Amino acid sequence: HAAVVAELRDLGASFDVATTGEIKLVRGEGIDPERCIHTHPIKQDRDIRAALRFGIKVFVVDNPDELRKFRRYRKQAELMIRLSFRDPSAIVDLSRKFGCEPGAVPGMLELARSLGVRVRGLSFHVGSQVANASKYVEAIAVCREIIQQSTESGVADLDLLDIGGGFPIPYHGETSPIGQFCRPIRQALKKLPRKVRILAEPGRFIAGPSGTAVARVVGRAQREGRWWYYLDDGLYGSYSGQLYDHIQYPIECLDRSGEEHPCVLAGPTCDSIDVIREDIPLPELQIGDLLVGRMMGAYTAATASDFNFIPRAKIVPFNRHARSRHAD
């Protein structure tokens, strides 16, 4: 994780942090706190204090009780209000657990003013692996109206809008090219007041394609007419994203070719749910063969565990461009 953060730091990226642990990570890599915002809508007081000690000034809230937590920090902190825009097409709905209804924002702005807390802007996250851009366009239009109304009424001068992430990547070639996907989003953003700074959180889009997982066949057995292949990685390890992120990763055999037959790929733990794929066509494999999972840079190692005391996969950072520069 530290190597990835350092690479993004050197590329000029900014960071959204959600926990004190993530603050420690970016602090350890020398990230300027001015390049960070705290995006978790629900925080303990100690989380707020840890972020302020580091130097983070901008926080996200989505309800009046959370807003009131910042009364004692009103001279140090600035807020963004997170809105909810439900998108049934998203693989992971990130507006179900967090975000207020747009109609609640005026009341929260009035509350913030009465408490002396400055609200800088609005944020939303329509979901993960979003099928099309229509929900972004809708959300931006609603936020534009709120920004204009708050300015006209004098209740707040909002100059930040965080449009979240969710930009899709083609796990199986099913998504539009990113330029085409974002074209209507860019058009919607052009209608915002010029003072508004736009933030985005394209985590999966950046990290997903970068990860390649290599697993080894450690055992095999014929069961009910199919080969079961037992790997040294599984749902409790790198493939945990299949459970938590609802993604089926592309998998291919590295060592074998020939006629393919439906087979089962199982993980190494004793748990019966630790099955990666139930009916994947592959050539007959032998113990020791390698299988490669593609596009596994997002929500895989982050949710891996050491269940059954089986160690999680080792992460080996490899920067092709840095290696080429060094070779020159």
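Note that the structure is a prediction, hence the values are computed from the model and not measured. Only heavy atoms go into these numbers, but all of them, side chains included; no hydrogens, no water, no symmetry mates.
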Engineer: Side-chain donor-acceptor contacts of residues 258-269 below 3.5 Å, not counting sequence neighbours, with atom names and distances?
Structural biologist:
from   : atom 1 : to     : atom 2 : distance (Å)
Thr269 : OG1    : Asp271 : N      : 3.4
Thr269 : OG1    : Asp274 : OD2    : 2.7

Engineer: With a 4.5 Å limit on heavy-atom distance, are the side chains of Leu115 and Arg68 in contact?
Structural biologist: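 In contact.
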Engineer: Does Arg86, at its CZ atom, have more than 12 non-hydrogen atoms belonging to other residues, nucleotides or ligands within less than 6.0 Å?
Structural biologist: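 Counting neighbours around CZ of Arg86, more than 12 heavy atoms of other residues, nucleotides or ligands fall under 6.0 Å, so yes.
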Engineer: Applying ring pair (Phe, Tyr, Trp, His ring centres under 6.0 Å), can you list everything that pairs with Phe59, at least two apart in sequence or on another chain?
Structural biologist: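 Listed in chain order: His38, Phe70.
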Engineer: Does Lys69 pair with Asp45 as a salt bridge, N-O distance under 4.0 Å?
Structural biologist: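 Between Asp45 and Lys69 there is no salt bridge, as every charged N stays at least 4.0 Å from the carboxylate O atoms.
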Engineer: Could you check whether atom CZ of Arg197 has more than 12 heavy atoms from other residues, nucleotides or ligands sitting under 6.0 Å from it?
Structural biologist: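 At most 12 heavy atoms, drawn from other residues, nucleotides or ligands, come within 6.0 Å of this atom.
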Engineer: Does the pair Glu78/Lys57 count as a salt bridge with the N-to-O cut at 4.0 Å?
Structural biologist: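 No salt bridge links Glu78 with Lys57.
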Engineer: May I ask you to check whether over 12 heavy atoms, not counting those of Phe205, lie within 6.0 Å of atom CZ?
Structural biologist: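 It does not: Phe205 CZ has 12 such atoms or fewer within range.
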Engineer: Which other residues end up in the same hydrophobic cluster as Ile42, if Ile, Leu, Val, Met, Phe, Trp and Tyr are linked when side-chain heavy atoms come under 4.5 Å apart?
Structural biologist: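 Result for Ile42 is Phe98.
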Engineer: In terms of heavy-atom contacts, does CZ of Arg96 have more than 12 from other residues, nucleotides or ligands at under 6.0 Å?
Structural biologist: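 No, the 6.0 Å shell around CZ holds no more than 12 heavy atoms from other groups.
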Engineer: State, yes or no, whether a side-chain contact exists between Tyr244 and Tyr299 at a heavy-atom distance under 4.5 Å.
Structural biologist: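 The answer is no; the side chains never approach within 4.5 Å.
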Engineer: Salt bridge check: are Arg35 and Asp32 linked by an N-O gap of less than 4.0 Å?
Structural biologist: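 Salt bridge absent between Arg35 and Asp32.
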Engineer: List the residues meeting salt bridge (charged side-chain N to carboxylate O under 4.0 Å, His left out) with Arg312, not counting sequence neighbours, and say none if there are none.
Structural biologist: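 Arg312 satisfies salt bridge (charged side-chain N to carboxylate O under 4.0 Å, His left out) with Asp306 once adjacent residues are dropped.
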Engineer: If a pair satisfies side chain to side chain donor-acceptor pair (under 3.5 Å) and one of its residues is in residues 141-154, list it, with sequence neighbours excluded.
Structural biologist: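 Of all non-adjacent pairs touching residues 141-154, those that pass side chain to side chain donor-acceptor pair (under 3.5 Å) are Glu145-Gln149, Thr151-Lys195.
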Engineer: Do any pairs count as a salt bridge (Lys or Arg N to Asp or Glu O under 4.0 Å) and have a residue in residues 240-255, sequence neighbours left out, and if so which ones?
Structural biologist: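 Passing the test, one end in residues 240-255: Arg204-Asp245, Glu252-Arg294.
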Engineer: Do the rings of Tyr136 and Phe167 sit parallel, tilted or perpendicular, given the 30° and 60° boundaries?
Structural biologist: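 Rings of Tyr136 and Phe167: parallel, as their planes differ by under 30°.
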Engineer: Identify whether the distance between the nearest side-chain nitrogen and carboxylate oxygen of Arg256 and Asp289 falls below 4.0 Å.
Structural biologist: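 Looking at Asp289 together with Arg256, the answer is yes, because their closest N to O distance falls below 4.0 Å.
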Engineer: Rounded at 0.5 Å granularity, tell me how far CZ in Arg82 sits from NE2 in His40.
Structural biologist: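 Rounded to the nearest 0.5 Å, the CZ-NE2 separation comes to 9.5 Å.
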Engineer: Under 3.5 Å, is there a donor-acceptor pair linking the side chains of Asp162 and Ser123?
Structural biologist: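 No, no side-chain donor-acceptor pair sits under 3.5 Å.
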